[in-house]
Amino acid sequence: MRIIIFGPPGAGKGTQASLISEEYDIPHLSTGNIFRSAIKNKTELGKEVKAILDAGDLVPDEKVVDLVEEELKNDKYEDGYILDGFPRTVVQAKAFDDLLKKNGETLTAFLQLQVPEQELIERILSRGEGRSDDTRDGVKKRLKVYREETEPVLEYYGEKGAVHKVDGTGSIEDIFNRITTILPDN
Ligand code: AMP
C-alpha cells in the first residue's frame, strides 16, 4: 500500500501517518522529520536546510526529490509506505509520479486532511513540540507557503480522481477511524 497524507501544517498528518504506519505495517516517511533530524545531528544536509526550515520556506524541489528517491530505494519500502509532507509542490508531485511509473508502481490513496484555518493555528501554537518554526509568525508563514505552493498539488491529484477528503477535526481516534474506512483492508 502506497499512501500520501496531505494537508496544511497542523492538520495532524504526522500523528495520523504514525497510526497508519502501525496499523498497516508500512514505514512512515516524513521529509520534515528527516530534515529536523539532519539539523539536530548537524549533518551536511542539516547545515544546508536549517535556515530554510527556520524561515518556514520550502527546501528546493531537486534536493527533496533526490532525497526521497534515494530513501525509497531502501528495502523496507518495498511493500509500501506512507508519505507525510511530500509531495509539497506540483514539481515534486510530477517527479514522484515519474518515479512510481519507472518502478511500475501505483499510488493506493491520497488522503487530504481538512481542518479549518483558525484551528490549525491554535493547534500548532499549543502543541509545544519545541519546533523552531512553531511561532505565531512561523505558522503564518508556513500557511502562506502552503496556500501558494502546496495547495496546487490538490488540483494535480484531483484531476486524476485520486483524492479522498478526510474531516481532520475531532479526536485523533475519530479521524483515524475515518481513514481506515477509506483504505483497503490489509
Ligand atoms: P513538516 O514537518 O512536514 O511540517 O516540514 C517542516 C519543514 O521542512 C517545512 O516547513 C519545510 O521547510 C521542510 N520540508 C518538509 N518537507 C518538504 C518538502 N516536501 N518540500 C520542501 N520542503 C519541505
Side-chain angles (χ1 to χ4, degrees), residues 2-21 27-74 77 81-100 107 110-115 117 119-157 166 168 172 175:
R2 290 177 203 88
I3 304 167
I4 291 172
I5 191 153
F6 182 90
K13 298 186 293 295
T15 303
Q16 295 299 328
S18 293
L19 293 172
I20 293 167
S21 164
H28 171 193
L29 172 47
S30 155
T31 42
N33 284 350
I34 292 177
F35 293 136
R36 276 186 292 277
S37 125
I39 291 170
K40 200 170 135 211
N41 295 319
K42 298 193 164 64
T43 66
E44 211 40 57
L45 174 69
K47 286 178 203 157
E48 282 169 26
V49 301
K50 184 177 186 318
I52 299 176
L53 266 82
D54 282 347
D57 283 321
L58 294 184
V59 174
D61 287 328
E62 200 190 328
K63 197 175 286 296
V64 186
V65 168
D66 285 353
L67 179 104
V68 171
E69 188 164 357
E70 272 313 301
E71 178 70 19
L72 288 178
K73 284 182 184 158
N74 193 311
Y77 298 106
Y81 43 81
I82 168 127
L83 293 179
D84 155 20
F86 177 91
R88 226 180 180 98
T89 64
V90 173
V91 170
Q92 292 178 19
K94 286 184 178 160
F96 179 58
D97 247 5
D98 290 344
L99 181 64
L100 285 176
L107 188 67
F110 180 102
L111 304 171
Q112 179 200 356
L113 278 179
Q114 296 184 299
V115 177
E117 178 149 333
E119 190 168 332
L120 295 173
I121 297 173
E122 282 160 16
R123 278 190 196 180
I124 294 177
L125 293 179
S126 67
R127 72 183 172 191
E129 286 176 353
R131 279 176 52 165
S132 57
D133 53 356
D134 277 356
T135 58
R136 192 169 284 278
D137 283 350
V139 174
K140 287 213 172 121
K141 174 69 185 290
R142 271 147 63 215
L143 282 170
K144 182 170 181 281
V145 169
Y146 170 79
R147 278 191 295 265
E148 289 172 0
E149 303 194 47
T150 306
E151 227 165 31
V153 171
L154 270 180
E155 221 170 290
Y156 179 80
Y157 282 98
V166 179
I172 289 173
I175 301 164

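Index from 1, following the sequence. Remember, it's 1-based here, ligands and their atoms both numbered in the order they're listed.
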Practice task
Take atom CD of Glu151 as the centre, draw a 6.0 Å sphere, and report whether it contains more than 12 heavy atoms from other residues, nucleotides or ligands.
Solution key: yes
Exercise for the section: For the pair Glu129 and Arg36, evaluate salt bridge (charged side-chain N to carboxylate O under 4.0 Å, His left out) and give the outcome as yes or no after the intermediate values. Expected result: CA-CA 12 Å; Glu129 286 176 353; Arg36 276 186 292 277; over 6 Å; no
Fill in the blank from the handout: Nearest non-hydrogen protein atom to atom 12 (O) of ligand 1, with distance, is Asp57 O, 2.5 Å
Handout entry: Contact check, side chains of Lys141 and Val145, non-hydrogen atoms, under 4.5 Å
Key = yes
Problem - Arg131, any N or O under 3.5 Å of ligand 1 N or O - result: yes
Fill in the blank from the handout: Atoms of ligand 1 under 4.0 Å from any heavy atom of Val64, numbered from 1 in the order shown, are 18 (C), 19 (N), 20 (N), 21 (C)
Exercise for the section: Look at the side chain of Lys140 and the backbone N and O of Thr135, then say whether any donor-acceptor pair between them is shorter than 3.5 Å. Expected result: no
Exercise for the section: Give the residue and atom name of whichever protein heavy atom lies nearest to atom 20 (N) of ligand 1, and the separation in Å to one decimal. Expected result: Gln92 NE2, 3.0 Å
Exercise for the section: Tell me, with the steps shown, if Asp97 and Leu107 meet side-chain contact (heavy atoms from CB on, under 4.5 Å). Expected result: CA-CA 9 Å; Asp97 247 5; Leu107 188 67; over 6 Å; no
Fill in the blank from the handout: Among non-hydrogen protein atoms, atom 19 (N) of ligand 1 lies closest to Gly85 O, 2.8 Å
Practice task
Report, in ascending order of atom number, the atoms of ligand 1 lying under 4.0 Å from any heavy atom of Thr31.
Solution key: 15 (C), 16 (N), 17 (C), 19 (N)
Problem - Atom CG of Leu125 with >12 non-hydrogen neighbours under 6.0 angstrom - result: yes
Completion exercise
Looking only at protein heavy atoms, what sits closest to atom 22 (N) of ligand 1 is Val59 N, 3.1 Å
Exercise for the section: Could you tell me whether ligand 1 has any atom less than 4.0 Å away from a heavy atom of Arg36? Expected result: yes
Exercise for the section: Kindly assign one of parallel, tilted or perpendicular to the pair Tyr81 and Phe96, based on the angle between their ring planes and the thresholds 30° and 60°. Expected result: perpendicular
Handout entry: Heavy-atom nearest option to atom 5 (O) of ligand 1, drawn from Glu149, Arg88, Lys141, Glu129
Key = Arg88
Handout entry: Contact atoms of ligand 1, heavy-atom distance to Phe35 under 4.0 Å
Key = 8 (O), 13 (C), 14 (N), 15 (C), 23 (C)
